Amino acid sequence: MKIGGLLIAVALSCAGVAHAQSDGQALAGAGTTSCGRWLALESDSTAHLMLVSWAQGFLSGMNMADYIATKQPFVLLPDSDSIMAYVNKYCRNNPLKKPFQGAMQLYYKELRSNGNH
């Protein structure tokens with residue numbers, strides 16, 4: 001891993017945790033950054049891997065939480081390229097929002113509501 005990419009990953013993670021703690025939110029990590037910052041990092045291959053990993057983990061967590069709370073079957077998650085394309089498009093269309101909002105929209109509007117089991 002390149003040092004620059006590692007520093008970006010650490011900075012995003014720390015910024016997300018600080019944001020979550022100061023606002024009393026239950027979210028942390030790359031998805032709590034701004035959509036603008038998220039999109040600015042998509043060309044950095046190391047940061048891209050971190051963003052993909054965050055998005056997959058977030059959606060997997062949503063899947064598990066939904067199952068525990070409602071006993072609904074798990075939804076089938078799309079491949080990593082499709083997840084990133086969706087969140088990137090969400091961020092381009094909603095630059096003042098946060099990537100986790102795009103991931104939540106993907107989960108509830110596209111995957112859960114379409115019976116993607």
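Only a predicted model underlies this, so the values are computations on that prediction, with no experimental measurement involved. When a residue number appears, it is its place in the shown sequence, counting from 1. Scope of the values below: all heavy atoms of this structure, side chains included, with no hydrogens, waters or symmetry mates.
- Residues satisfying the side-chain contact (heavy atoms from CB on, under 4.5 Å) test with F58, not counting sequence neighbours, are L27, W54, M62, F100, A103, M104.
- Among residues at least two apart or in separate chains, side chain to side chain donor-acceptor pair (under 3.5 Å) pairs with a member in residues 99-109 are N63-Y107, D66-Y107, Y86-Q105, Y107-R112.
- A donor-acceptor pair is defined here as one N or O able to donate and one able to accept, closer than 3.5 Å; no such pair exists between the side chain of S53 and the backbone of L49.
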(request) Please report the C-alpha distance between L59 and I83 in whole Å, then the side-chain angles of each, then the deciding distance to 0.1 Å, and finally whether the side-chain contact (heavy atoms from CB on, under 4.5 Å) criterion is met. (result) CA-CA 9 Å; L59 291 170; I83 292 170; 3.7 Å; yes

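- With a 4.5 Å cut-off on side-chain heavy atoms, L51 and L41 count as touching.
- Without hydrogens or angle criteria, T33 side chain to A30 main chain gives no donor-acceptor distance under 3.5 Å.
- Note that NZ of K89 is 12.0 Å distant from CG of L106, once rounded to the nearest 0.5 Å.
- When the side-chain contact (heavy atoms from CB on, under 4.5 Å) test is applied to S34, the partners found at least two apart in sequence or on another chain are R37.
- Here the shortest heavy-atom pairing between S60 and L77 reads OG-CD1, 3.7 Å.
- Judged as a salt bridge (charged side-chain N to carboxylate O under 4.0 Å, His left out), not a single pair has a partner in residues 49-61 (not counting sequence neighbours).
- Under the disulfide bond (SG atoms under 2.5 Å apart) criterion, no residue pair touches residues 47-76, with sequence neighbours excluded.
- Within the 3.5 Å criterion, the main-chain N or O of K97 finds no donor-acceptor partner in the side chain of N94.
- Listed by first then second residue, pairs satisfying disulfide bond (SG atoms under 2.5 Å apart) with a partner in residues 34-101 read C35-C91, not counting sequence neighbours.
- By the rule that hydrophobic residues join a cluster once side-chain heavy atoms approach within less than 4.5 Å of another member, M84 and Y90 end up as members of separate clusters.
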* Asked: Given the rule in the side-chain contact (heavy atoms from CB on, under 4.5 Å) test, do R92 and L39 qualify, once you have shown the distances and angles that lead to the verdict?
  -> CA-CA 8 Å; R92 279 191 296 280; L39 292 171; 3.6 Å; yes

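- Residues meeting the side-chain contact (heavy atoms from CB on, under 4.5 Å) test with S82, sequence neighbours left out: P78, D79.
- Remark: T70 engages Q72 in a side-chain hydrogen bond (donor to acceptor under 3.5 Å, both in side chains) (not counting sequence neighbours).
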